[in-house]
Amino acid sequence: MADPSPNQTRDAGTEDRRTGFDDLLAGSAFVVLGLAFAIAAARYDVGSALQMGPGYVPLALGAILAALGLVTVGVGVRARMRPDPAPAVVDDLHEEAGPVPWVRGGLLVAAILVFGLTVRGLGLAGTLFLTTFLAALAGHRNTPVKAAIIAAGLTVMSLVVFVALLQLQLPVVGTWLGG
Amino acid sequence: MDLSGLALGLETALQPENILFCLIGVALGTAVGVLPGIGPTATVALLLPLTFNFDPVASLIMLAGIYYGAQYGGSTTAILINLPGESSAAVTALDGHQMAKQGRAGPALATAALGSFFAGTVATVLVALFAPPLAAAALKFGPAEYFALVVLGLIASISLASGSTVKALAMIVLGLLLGTLGQDLYTGVPRFTFGVRELYGGLDFVSIAVGLFGLAEIIRNLEHRHRSAKQMITKVENLWLTRGEFRQITPPVLRGTTMGSLLGVLPGGGHVLASFASYAVEKRVSKSPERFGRGAIEGVAGPESANNAAAQTSFIPLLTLGLPANPVMALLFGAFVIQGITPGPNVIDDEPVLFWGLIASFWIGNLLLVLLNLPLIGIWVKMLAVPYGVLFPAIIAFATIGTYSLGQNPWDVFVIAVIGLLGYALIRWGCEPTPLLLGFILGPLLEENLRRAMIISRGDPSVFVTQPISAVLLGLAVVFLVVAASPSVRRKREVVFSEED
C-alpha cells in the first residue's frame with residue numbers, strides 16, 4: 001500500500017488547487033452519503049436519549065457526516081477561490097494519480113460480482129476461472145489468450161491451496177453442472 | 001512482574017503445534033508481504049480467512065505471525081527492488097536500496113533482520129510488563145468510560161496521520177455508519193439492509209478490509225502501466241555483518257527500539273511515525289549525515305528496529321483496552337470477535353492461555369523470522385519476480401474465495417466490490433482508508449456503550465463529563481483534535497514525514 005501523500009512535496013499553489021478540487025468531490029460525496037443515511041434512519045424508530053431506538057445513532061451520525069462534508073466542500077471552495085487562478089485543465093494536476101482506469105476497474109468489479117453470482121451454480125472451479133480471466137484481462141500487457149492462461153494457472157493453484165491443502169468445504173462443481 | 005503468566009505463555013507457545021502455526025504464519029506472511037505493492041494490512045486481510053478454521057490460540061498466533069512476517073517481507077521488497085509496500089518500509093528503502101545497489105544487499109537484509117529481532121524481543125518484554133496493570137485499570141471502566149475511550153481512540157488515530165483532519169473525521173463517521181448496518185442489537189430491527197436477509201448480520205469486516213486495501217489499491221495501481229522492477233537486485237551475498245558493522249548498528253538499533261516501543265502504543269500510524277522519526281534522529285546524530293540516502297547502514301538499522309518494536313507494542317492497546325491502534329490491529333480485533341472473544345481488559349483473566357501464549361509467540365515468531373529469512377532469501381527473491389499482471393488476478397482470487405468461505409454468503413463478496421469502488425473514489429479524492437476501517441470496527445462498541453450509558457444515567461448526557469475518567473478521556477480527545485487541526489503542528493508533522501527529501 002504505497003502511501004502517496006507524506007513523502008511528496010509539491011509547489012504549494014498547485015497543491016492547494018488540486019486538493020481544492022478533490023475536497024469538492026469528497027465533500028459532496030460525504031454530504032450525499034450522510035443525508036442518505038440520516039433520511040433512511042429517520043424512518044426507523046428514533047426514540048429518545050433515554051431509550052434510543054434503532055434510528056437514533058445512525059440519524060445523528062448521518063447528520064454529522066453531512067456537516068463534515070459541508071465543511072470539506074467549504075475548504076475546497078476556498079482553495080479554488082484563491083486569487084492565483086487555477087489553470088483550465090485541473091486533471092493535469094493529478095501527477096501521481098493517472099486517469100481513472102474505467103475499463104480496467106470495471107473488469108475487476110465484474111470479476112468480483114461474477115464470483116458472487118456464479119459460485120453456487122458453477123462451483124469453485126468454473127467460477128474461479130471466470131473471475132481470474134476477467135481480472136487478468138484488466139492487466140496492461142495481458143491479451144485474452146494470455147489472460148486465459150493466467151486464469152487456468154491461478155484456478156488450479158487456488159484449488160490446490162484451498163480445497164486440497166486447506167480442505168475448505170466448498171463444492172468444486174456447482175448445482176448448475178449437476179455437482 | 002508476574003512470571004507465572006509468562007511461563008504459562010511460553011509453555012503454550014512452545015507446544016509443537018503452536019510453533020508450527022507460528023512458523024506457517026511467519027512464512028505465509030513473508031511470502032505474501034514480499035510481493036511488490038502488497039503491504040502488511042492487505043497481507044493480513046487476504047490471509048485472515050485461512051486462520052478461522054483453527055482454535056482461537058492457534059489462529060491468533062498464526063495471524064500475529066502473518067503480521068510480522070509481512071512486515072519483514074515488506075522490508076525485503078523495499079531493499080531489493082525499491083518498491084515499498086507501505087510508508088514505514090519507504091524509509092527502509094532510502095538507504096537499504098542504495099546499499100543493495102552497491103552490492104551490500106546481504107548486510108542490509110541482515111541488519112533489518114537482526115535489528116527487528118532485537119527490537120521485537122525488547123518490545124515483547126514491554127508488552128508482558130505493561131499489559132496486565134493497564135488491563136486491571138481498564139476493568140473498572142463502565143459504559144460511559146468505554147464510550148469516552150473509544151472516542152479518544154478514534155480521534156487520536158487521526159492526529160498522527162497525514163492529510164486533512166476534516167476528511168479523516170468524515171471517514172471515521174462513514175465507517176461508524178457502515179458499522180450500524182444490520183440488525184440493531186437492542187430491538188432486532190434490521191437497519192439499511194434493503195430487505196436483503198443476507199445483510200441482517202451486518203457487513204463483514206473482511207469484505208471491508210479486502211475492498212479498501214485490496215480492490216481499491218489494485219484499481220489505483222492500474223492507473224499506470226505498472227512500474228516494472230528494472231532495478232531489481234537478484235544477487236544477495238554475505239548475509240551477515242562484520243564486527244565493524246555490528247558496532248555501527250548497535251546505537252541506532254537501541255534508539256530505534258526505544259522510539260518504536262513508545263510510539264507504537266499510540267493509536268494511528270505509530271509505526272510509520274516511529275520509522276520516520278528514527279531516520280530523522282539517526283541522520284541528525286550522525287557524524288557524517290551526508291552518507292544518508294547513499295547507503296548508510298544506520299538508516300536501515302534505526303527505522304527497521306523502530307518499525308518492529310512499534311509493531312509489537314501496538315498490541316498493548318488492543319489486548320488491554322480493546323482499542324486497535326492501526327488497521328492491522330483492527331483486523332485482529334475482528335479475528336478475536338470471530339473466535340468468540342471480545343478483545344479488552346477481560347482477556348487476560350478469562351483467556352490467560354491465549355493472552356500469554358500470544359505474547360510469548362511474538363518472541364518465538366521473531367526468532368523464526370531470523371532463522372527462516374536469512375537462509376530462504378533466495379526463494380523470496382524469486383517471488384519478487386512475479387509480474388503484476390499475474391499478481392493482481394491472484395489477489396482477486398484469494399480475496400473472493402477467502403471472503404466467501406467465511407459464511408458462504410455471496411453478499412460478502414458483493415460488498416467487496418461496492419466498498420472497493422467507494423474506497424477508490426475517496427482515496428483518489430485525498431481521503432485515507434484507515435480511519436474508515438477503524439470506525440467500522442469500533443462502531444458497534446461505540447453505539448452499545450453510548451446507549452447503555454444513557455440508560456444508566458436516565459437519559460442525562462452530562463454523565464460523560466461528570467464521571468472523572470470519562471471527562472478526562474473526552475478532554476484528551478478534544479486536545480488531540482485541536483492539535484491535529486492546528487496549522488503549526490501540521491507543518492511540523494509534514495517536516496517529519498518529508499525528512500527523506
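Aromatic rings of Phe192(B) and Tyr44(A) (six-membered ring for Trp) have centroids within the 6.0 Å cut-off, being under it.
Residue contact with chain A, scored on non-hydrogen atoms closer than 4.5 Å, involves the backbone of Pro190(B) exclusively. Within the 4.5 angstrom heavy-atom criterion, atoms from both the backbone and the side chain of Ile401(B) approach chain A. Heavy atoms of Gln183(B) lying under 4.5 Å from chain A are absent altogether. If you measure heavy-atom distances from Val100(A) to chain B, the contacts under 4.5 Å come from both the backbone and the side chain. Interface residue Phe37(A): backbone and side-chain heavy atoms are both found under 4.5 Å from chain B. Looking at Leu446(B), there are no atoms closer than 4.5 Å to chain A (heavy atoms on both sides), in backbone or side chain. At a 4.5 Å heavy-atom cutoff, the contact between Leu117(A) and chain B is made by backbone and side-chain atoms alike. Both the backbone and the side chain of Leu174(B) come within less than 4.5 Å of a heavy atom of chain A. Both the backbone and the side chain of Thr400(B) come within contact range of chain A, each with at least one heavy atom under 4.5 Å from a heavy atom of that chain. Neither the backbone nor the side chain of Ala110(A) comes within less than 4.5 Å of any heavy atom of chain B. Interface remark: Asn53(B) contributes side-chain atoms only to the contact with chain A (heavy atom separation under 4.5 Å). For a residue to count as touching a neighbouring chain, one of its non-hydrogen atoms must lie under 4.5 Å from one of that chain's; by this rule Leu169(B) touches chain A with backbone and side chain alike.
Listed options Pro410(B), Gly420(B), Gly179(B) were ranked by heavy-atom pairs under 4.5 angstrom with chain A; first place goes to Pro410(B). Among Ala399(B), Ala417(B), Pro387(B), the residue making the largest number of heavy-atom pairs under 4.5 Å with chain A is Ala417(B). Interface remark: of the candidates Leu124(A), Leu154(A), Ile64(A), Leu154(A) forms the most heavy-atom pairs closer than 4.5 Å to chain B. No other option in Asp460(B), Val418(B), Ile172(B), Val189(B) has as many heavy-atom pairs under 4.5 Å with chain A as Val189(B). Counting heavy-atom pairs closer than 4.5 Å to chain B, the top residue among Ala41(A), Ala29(A), Ala67(A), Pro101(A) is Pro101(A). Looking only at heavy-atom pairs under 4.5 Å with chain B, the residue among Thr131(A), Thr132(A), Leu128(A) that has the most is Leu128(A). In terms of non-hydrogen atom pairs under 4.5 Å with chain B, the most contact-rich of Leu33(A), Val109(A), Leu108(A), Thr72(A) is Leu108(A). Chain A forms the most heavy-atom pairs under 4.5 Å with one residue out of Leu185(B), Leu426(B), Val413(B), Val390(B), and that residue is Val413(B). Here Ile112(A) is the residue among Ile150(A), Ile112(A), Val71(A) with the most heavy-atom pairs under 4.5 Å with chain B. Comparing Gly47(A), Gly116(A), Gly139(A), Ala151(A) by heavy-atom pairs within less than 4.5 Å of chain B, the highest count is held by Gly116(A).
Counting only N and O atoms by type, the side chains of Thr118(A) and Thr127(A) include a donor and acceptor under 3.5 Å apart. For the 3.5 Å distance criterion, the side chains of Tyr424(B) and Glu223(B) qualify, holding a donor opposite an acceptor. A donor atom on one side chain and an acceptor atom on the other are found under 3.5 Å apart for Asn221(B) and Tyr388(B).
Counting only distance, with no hydrogens or angles, the side chain of Arg191(B) and the backbone of Pro54(A) share a donor-acceptor pair below 3.5 Å. Not one N or O on the side chain of Asn142(A) forms a donor-acceptor pair closer than 3.5 Å with the backbone of Leu137(A). Looking only at distances, a side-chain donor or acceptor of His140(A) sits under 3.5 Å from a matching main-chain atom of Leu222(B). The backbone N or O of Val415(B) sits nowhere less than 3.5 Å from a side-chain atom of Ser207(B) that would complete a donor-acceptor pair. Put simply, the side chain of Arg120(A) gets close to the backbone of Gln408(B): a donor and an acceptor are under 3.5 Å apart. No side-chain donor-acceptor contact under 3.5 Å links Thr187(B) to the backbone of Asp184(B). Side-chain N or O atoms of Lys167(B) include one that pairs as donor or acceptor with a backbone N or O of Trp429(B) at under 3.5 Å. Between the side chain of Asp23(A) and the backbone N or O of Val77(A), no donor-acceptor pair lies under 3.5 Å.
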Query raised in the report: Phe398(B) and Met157(A): side chain to side chain contact (heavy atoms under 4.5 Å, CB included), yes or no, with the steps?
Result: CA-CA 10 Å; Phe398(B) 264 65; Met157(A) 191 192 82; 3.8 Å; yes
